[in-house]
Amino acid sequence: MRFLAVLLLAPWLAVLGWLYWLYVRRVHGAHTRARSDAAFLIIAFTAAMACADITYVLETGIAGAIWKQVAAALACYAGFSTVLLIGLLRHAWLRRRRDSRGGGQRSLR
């Protein structure tokens, strides 16, 4: 019962991971390696599992068994989304750094 929240959120997390992969490959694909993006997806999945497990196990003072699942689902989603947000911010930082060096200018013709 501990990972029921992860099981229920798995389709949505898969969609978010797939959208992250598509966005990064289309916008930043030629300038980055797929290994780092795959690593971010693996870390995001691991963070989701860890956040759900920790939240479910901790005694939060929440009354009722269902609220432990709700709190675990929220923590799972927050952990996954936070790691993907860090990955997107990393790509934005790398792109800004590359553009400031003059390597990313495109012609308007």
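Here the structure is a predicted model, which means the values were calculated and not measured.
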Subject >> Tyr77/Trp12 under side-chain contact (heavy atoms from CB on, under 4.5 Å): CA gap, chis, key distance, verdict >> reply: CA-CA 9 Å; Tyr77 183 69; Trp12 176 241; 3.1 Å; yes
**OP:** Check the pair Phe45, Val83 against side-chain contact (heavy atoms from CB on, under 4.5 Å), reporting the backbone distance first and the verdict last.
**Re:** CA-CA 9 Å; Phe45 177 73; Val83 173; over 6 Å; no
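Across every non-hydrogen atom of Lys68 and Tyr56, the tightest pair is CE-O, 3.1 Å. Looking at every heavy atom in both residues, Val6 comes nearest to Ala48 through CG2-O, 4.5 Å. Nearest approach of Cys51 to Gly79, heavy atoms of both residues: SG-CA, 3.9 Å.
His91 contributes atom NE2, which lies 11.0 Å from atom CZ of Arg95 (distance to the nearest 0.5 angstrom). Atom CG of Leu84 sits about 11.0 Å away from atom CG of Leu89, to the nearest 0.5 Å. Expressed to the nearest 0.5 Å, how far CG of Leu8 lies from SG of Cys76 amounts to 10.0 Å. The CG atom of Asp99 sits 11.0 Å away from atom CG of Leu94, with the distance rounded to the nearest 0.5 Å. The CG atom of Leu7 sits 10.0 Å away from atom CD of Gln69, with the distance rounded to the nearest 0.5 Å. Here the CG atom belonging to Leu85 is positioned 12.5 Å from the CZ atom belonging to Phe80, to the nearest 0.5 angstrom.
Linking Ile, Leu, Val, Met, Phe, Trp and Tyr whenever their side-chain heavy atoms come within less than 4.5 Å puts Leu16 and Leu9 in one cluster. Residues Met49 and Leu41 are members of separate hydrophobic clusters, defined by side-chain heavy-atom contacts under 4.5 angstrom among Ile, Leu, Val, Met, Phe, Trp and Tyr. By the rule that hydrophobic residues join a cluster once side-chain heavy atoms approach within less than 4.5 Å of another member, Ile42 and Phe3 end up as members of separate clusters.
In this structure, Arg25 satisfies the cation-pi test against Trp21, with its NZ or CZ atom closer than 6.0 Å to the six-membered ring centre and inside 45 degrees of the ring normal.
The backbone N or O of Ala52 sits nowhere less than 3.5 Å from a side-chain atom of Thr55 that would complete a donor-acceptor pair.
With a 4.5 Å cut-off on side-chain heavy atoms, Tyr20 and Asp37 count as touching.
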